[in-house]
Peer 1: 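Shown below is the structure under consideration.
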Amino acid sequence: MRSNNIVKIISIIVIILSLLIIGVIFYQQRTTIVSNTVQLGKNIINYFPLGSATKQPSWNNTGSTTNSTPVAGGDPALEQKVQFEKIAEKPVASASVLNLPGASSTLVFIEKETGNIFQIKNGGQAERISNLTIPEVFDAYFGIDKSKNIRVVVRSVVNDQLQSIILNLNNNTAFSTSSDPSLRITKRVLPVAIKSITLSPQKDQLLLVEEVGSRAIIYTTDFDLKNKKIIKVLPFTDWLVSWVSSDVVAFQTRASSDVPGSVYYLNLKDASFRRVGANILGLTTLINPDAKSIIYSTSFGQSFSLVVRNFTTNKASNYTPKTLPEKCLWLSNNTAFICAVPNNLPSANYPDDWYQGNISFSDSIWLYYSENGQSIQIYNPEKENINLDLVPQGRDEFENCYFIDKNTSQLYRLNGQNVFDPGT
């Protein structure tokens, strides 16, 4: 009988020890899981391209395109936020973002019909800053000189000819609608032979492609056309150019669905000119500001593909949903880009039919991650019965993105801080 009691006591001790051991093991595993989960959360937050890296992003519901409306109860803290809105009433030819003294990320834009130039500082009201009439504006390039004056290269149609002029807007004098000489708006006409124009990433220099005979003279200059520096002479004159980084300018052949396209890098330091892509039908591109990766489209049949290629790893990935690269913007950390994406893609010759206005899109706005191929829709104007064919114009330091509707030339803003809410 006594031996049976001893066996029972030993069995109870063994069971208790076993439970203790299992508990310790479970606690250690749980601690490891929790630690890994917390680290994964930190990695996701740090990787997310918008908002504060120390705050958890959250998605907002679709807002109004007109006015913010309080929800039931009228608590201002619970007001529905505006995500997407029209910010100019008249058709706009071009818009950009400049870092002006005391007002970084100032939006500037030019009206298509009149050439009137406006600015919006610190999210305020549009202010007219020019008193020159320039009808039939085709395009414009906005920059800023060493004196912090706004400079604009305006391209307009004059007597059926394309004319380019450089305007100097004295940014230190308040605008007056009268003929105030203190405004000092001066203009300089560019040579007709200028075929292509691009601005430096800092928007303080020009790179011009000038046709001389059968050759193209490539040179950099300031806005007064002084301090010219010839970089290269090329035998081909018809280029699409973009000043990608401080030392790299991209040269792309004009796109057509049945013509193989190429893209080259011009190094401004050593004047080397190397091909980075060739024999691509319907090639259109958007190059990362670090020049290490490229978004491009390639035509096939009555459709096209959207591809991101990393030059460092020499790997390429197809992305969906598809859109044309010129409908995209790289975001500030260069690992993500935002695009206007057609909700439906008709059969067509791409990009020709879209360029020529034979087809039009109804876009939604998507965010893509270039490192993992993920994409997510962040706004769809169709939900509010708005059909827009959007062309990006730029973004500011708050990740607000600006678009022009290709059909109406209306200017819109996607409010980045309202789409990507970092929380509190």
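These values consider heavy atoms only, across backbone and side chains, with no hydrogens, waters or symmetry-generated copies.
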Peer 1: Name all residues meeting the side chain to side chain donor-acceptor pair (under 3.5 Å) criterion together with Thr298; count only those two or more places apart in sequence or in a different chain, and write none if there are none.
Peer 2: none
Peer 1: Show every side chain to side chain donor-acceptor pair (under 3.5 Å) that has at least one partner inside residues 225-236, sequence neighbours left out.
Peer 2: Asp222-Asn227
Peer 1: Would you tell me whether Tyr368 and Gln374 have side-chain atoms, one donor and one acceptor, within less than 3.5 Å of each other?
Peer 2: no
Peer 1: Do Thr285 and Gln252 pair up side chain to side chain, a donor and an acceptor below 3.5 Å, judged on atom types alone?
Peer 2: yes
Peer 1: Flag the pair Lys327 and Asp389 as a salt bridge only when some basic side-chain nitrogen lies within less than 4.0 angstrom of an acidic carboxylate oxygen.
Peer 2: yes
Peer 1: Going by the side chain to side chain donor-acceptor pair (under 3.5 Å) test, which pairs reach into residues 262-271, not counting sequence neighbours?
Peer 2: Asp270-Ser272
Peer 1: Please report the closest heavy-atom contact between Ser130 and Arg128, naming both atoms and the distance.
Peer 2: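 Answer, listing the atom of Ser130 first, then Arg128: O-NE, 2.8 Å.
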Peer 1: Is Lys322 positioned over the aromatic face of Phe304, cation under 6.0 angstrom from the ring centre and no more than 45 degrees off axis?
Peer 2: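 Judged by the rule (NZ or CZ under 6.0 Å from the ring centre, within 45° of its axis), Lys322 counts as positioned above Phe304.
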Peer 1: Do you know the tightest heavy-atom contact between Leu208 and Thr221?
Peer 2: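 Residues Leu208 and Thr221, closest heavy atoms: CD1-CG2, 4.1 Å.
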Peer 1: Per the ring-ring contact (aromatic ring centres under 6.0 Å, His included) rule, which among Phe84, Phe403, Phe109 passes with Tyr412?
Peer 2: Phe84
Peer 1: Side chain to side chain donor-acceptor pair (under 3.5 Å) with Gln356: which residues, sequence neighbours excluded?
Peer 2: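 Partners of Gln356 under the side chain to side chain donor-acceptor pair (under 3.5 Å) test: Asn358.
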Peer 1: Could you pull out the closest heavy-atom pair between Thr114 and Asn116, with the gap in Å?
Peer 2: OG1-ND2, 3.0 Å
Peer 1: Would you please name every residue forming a ring pair (Phe, Tyr, Trp, His ring centres under 6.0 Å) with Tyr402, sequence neighbours left out?
Peer 2: none
Peer 1: Near Glu113 CD, under 6.0 Å, is it more than 12 heavy atoms from other residues, nucleotides or ligands?
Peer 2: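 Atom CD in Glu113 is not packed in, count stays at 12 or less.
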Peer 1: Quick one: closest heavy-atom pair of Ser297 and Leu324, and the distance?
Peer 2: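 The pair with the smallest heavy-atom distance is OG-CD2, 3.9 Å.
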Peer 1: Kindly determine whether Arg151 and Asp224 satisfy salt bridge (charged side-chain N to carboxylate O under 4.0 Å, His left out), including the steps that lead there.
Peer 2: CA-CA 10 Å; Arg151 295 299 190 101; Asp224 294 318; 3.0 Å; yes
Peer 1: Counting only heavy atoms not in Leu225, do more than 12 sit closer than 6.0 Å to its CG atom?
Peer 2: yes
Peer 1: Count the heavy atoms belonging to other residues, nucleotides or ligands that lie under 6.0 Å from CZ of Phe138, then report whether that count exceeds 12.
Peer 2: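 Count not over threshold, so no.
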Peer 1: Is the count of non-hydrogen atoms from other residues, nucleotides or ligands lying under 6.0 Å from Lys112 atom NZ greater than 12?
Peer 2: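 Counting other residues, nucleotides and ligands, NZ of Lys112 stays at 12 neighbours or fewer.
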Peer 1: Which is it for Phe337 and Leu329 under the side chain to side chain contact (heavy atoms under 4.5 Å, CB included) test, yes or no, and what are the steps along the way?
Peer 2: CA-CA 5 Å; Phe337 53 96; Leu329 282 171; over 6 Å; no
Peer 1: Side chains of Ser364 and Asn380: do they bring a donor and an acceptor to under 3.5 Å?
Peer 2: no
Peer 1: State the CG-OG distance between Leu281 and Ser257, to the nearest 0.5 angstrom.
Peer 2: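 One finds 8.0 Å between CG of Leu281 and OG of Ser257.
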Peer 1: Once side chain to side chain donor-acceptor pair (under 3.5 Å) is applied, what residue pairs with a partner in residues 233-250 remain, sequence neighbours excluded?
Peer 2: Asp238-Arg254
